[in-house]
Amino acid sequence: MDKFIIDGGEKLYGKITAQSAKNTVLPLLAAAVLTDEQVKIRGVPTINDVENMLHILREVGCRIERQKDVAVIDSSNAVSHEIPARLTKELRSSVFMLGSVLTRFHRAKISYPGGCDIGLRPIDLHLSGLKRLGVKIVEKDGYIDCLAEKLTGAEILLDFPSVGATENIILAAVKADGVTVIRNAAKEPEIVDLQNFLNAMGANVRGAGGGTIVVEGVKRLHGVDYQPIGDRIEAGTYLIATASCGGEIEINGVPSENIAALLHKLRENGCKIRAKNDRIVLSSDGRLQSVDLLETMPFPGFPTDMQAQYSALCCTAAGTTLVVENLFETRYRYAAELKRMGADITVRGRTALIRGVEALHGACVTASDLRGGAALVVAALKAEGQSTVLDLSHIDRGYADFEEKLRKLGAKIRRVRV
Ligand code: EPZ
């Protein structure tokens, strides 16, 4: 397992172009099986979650061509409706395959994805939505077996604006008979990107980004050549690191409205931020004021995927911050590791009370999930002295060229293979 060695205390200066958004590329790859024509997706980051999704596509019979950061998927020979269990364990997002495989084969079998490091991650909203479209679902021996002789449009109301459930229902509705209306749908930018991708394939999806999405079933979908949106979570991670360490960073490829909630908080912390179209410039003296409260919410609220990284910044901001994590049950596993670096964090259930300290000191810490691992790197870049961050497999799931991009900004970070 690789580790990072980080010598903290450096200010960060430079420019970063965001990778294509992991949480867009994954559903787009699942959507590639909706047509038997060629699908080309550009700017595809080399991260483990993407490689695992490409592996799943190969397992169902797709031919994949990977040229640098482009993925070309030919699913004309796709034959299997079964997603192998070992891959579902690896990658929760494989559950997105349900909707698209059902549309292609009218059958789909997947092992129950189960929970992960940040919570139970149920899929009841996915399944109840699919049932509304006429899918018969048998859950047995840890498998979910779906049969849909006919997919018929329906009115669906989501109890919670689940990103994955919204995406899965759209993928199952794009070629259904009639119209599907999804109310209380997730509003994330990645849903808008999925809508644009599907419409470029000849689908008829409207309303993404708002709470109600209308999908009019079409007969056929054709191939597409598509550039997904930039990764707002990756961009936010670099903005938070620069805000905390001090310096100046220019991020390209992410529209500022896609991370408005984070920019609002960082301005409250005392950062100077200029944003125009998809160019964001942040400067910070590294001596931040804390905000009293941070609550994670579905989009356009503060994203849960930036809670850990932002909490790391709060550890050395002057004052106290109360963090409330409303999306996932156990998204504070990084807190114990930050305490090893001298952070003053008290976690109770879904809340964390963070009292800013003068400085963090280097320590040997272990990542336990993707964004928690990124938070440990943010803290180590700020800390006095040397830190080691172990178990990079989590970080490698979502950040392409992480240490290279940070080194380009002036960070003293290197990867050691162990
Ligand atoms: C997506 O996960 C993202 N993953 C997550 O990013 C992100 O944290 C999450 O949306 C929220 O924004 C991808 O897009 C691949 P949800 P997803 O369904 O779809 C509950 C990262 O770090 N829920 O919106 O799984 C669920 O328990 C990852 O990049 C149900 O109760 O999230 C959670 O409390 C982590 N029943 C809440 O909804 C369901 O059927 C939000 O989950 C589905 C979800």
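Bear in mind that the values here come from a model prediction, so they are computed numbers and not experimental data. Numbers for residues simply follow the sequence, beginning at 1. Order of appearance sets the numbers: ligands from 1, and atoms from 1 within every ligand.
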Review point. Stepwise, does the side-chain hydrogen bond (donor to acceptor under 3.5 Å, both in side chains) test hold for Asp193 with Gln195?
Key: CA-CA 5 Å; Asp193 212 21; Gln195 169 180 280; over 6 Å; no
Practice item. With sequence neighbours left out, write down each residue that passes side-chain hydrogen bond (donor to acceptor under 3.5 Å, both in side chains) with Arg340, or none if nothing qualifies. Key: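 Expected list: none.
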Check each atom of ligand 1 against the heavy atoms of [X] and keep those under 4.0 Å away; list them by number with element.
X	result
Thr304	8 (O), 11 (C)
Arg331	8 (O), 22 (O), 35 (C)
Ser93	15 (C)
Asn23	3 (C), 4 (N), 6 (O), 13 (C), 14 (O), 15 (C), 21 (C), 29 (O)
Gly164	18 (O), 19 (O)
Ile123	39 (C), 40 (O)
Ile118	35 (C)
Leu327	33 (C), 34 (O), 37 (C), 41 (C)

For [atom], what is the closest protein heavy atom, and at what distance to 0.1 Å?
atom	value
atom 42 (O) of ligand 1	Phe328 CZ, 4.1 Å
atom 2 (O) of ligand 1	Arg121 NH2, 3.5 Å
atom 36 (N) of ligand 1	Asp124 OD1, 2.7 Å
atom 18 (O) of ligand 1	Ser162 OG, 2.7 Å
atom 6 (O) of ligand 1	Asp305 OD2, 2.8 Å

Practice item. Report yes or no: does Thr296 contribute a side-chain atom to a donor-acceptor pair with the main-chain N or O of Asn326 at less than 3.5 Å? Key: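 Flag set: sc Thr296 to bb Asn326 pair under 3.5 Å.
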Practice item. May I ask you to decide if Ala186's main-chain N or O and Thr166's side chain share a donor-acceptor pair within less than 3.5 Å? Key: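 Looks like yes, one N/O pair under 3.5 Å.
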**Study point:** Derivation and outcome, side-chain hydrogen bond (donor to acceptor under 3.5 Å, both in side chains), residues Arg104 and Ser75
**Key:** CA-CA 10 Å; Arg104 178 70 184 263; Ser75 65; 3.1 Å; yes
Point to revise | Within-cutoff protein neighbour (heavy atom, under 4.0 Å) for atom 20 (C) of ligand 1 | key: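 Within 4.0 Å of atom 20 (C) of ligand 1, no protein heavy atoms are found.
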For ligand 1 and [X], I'd like to know whether there is a polar contact (N/O to N/O, distance under 3.5 Å).
X	value
Ala165	no
Lys22	yes
Val163	yes

Exercise for review: Please round to the nearest 0.5 Å and tell me the distance separating atom CD1 of Ile280 and atom OG of Ser256.
Suggested key: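 Rounded to the nearest 0.5 Å, the CD1-OG separation comes out at 5.5 Å.
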**Study point:** Over all atoms of both residues, closest heavy-atom pair of Ile83 and Ser94
**Key:**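 That would be CG2-CB, 4.4 Å.
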Review point. Of the choices Ser94, Gly129, Pro122, which has the non-hydrogen atom that lies closest to atom 39 (C) of ligand 1?
Key: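 Closest candidate by heavy-atom distance is Pro122.
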**Study point:** Shortest reach to atom 29 (O) of ligand 1 by a heavy atom, considering only Arg371, Glu190, Arg397
**Key:**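 Heavy atom nearest to atom 29 (O) of ligand 1 belongs to Arg371.
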Could you pull out every donor-acceptor pair under 3.5 Å between side chains of residues 364-372 and any protein atom, sequence neighbours left out?
from, atom 1, to, atom 2, distance (Å)
Asp369, OD1, Arg371, N, 3.4
Asp369, OD1, Gly372, N, 2.8
Arg371, NH1, Tyr399, OH, 3.0

Practice item. Please name the residue in the list Lys109, Arg107, His81 that meets the side chain to side chain donor-acceptor pair (under 3.5 Å) test with Asp145. Key: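 In the set Lys109, Arg107, His81, the residue that makes a side chain to side chain donor-acceptor pair (under 3.5 Å) with Asp145 is Arg107.
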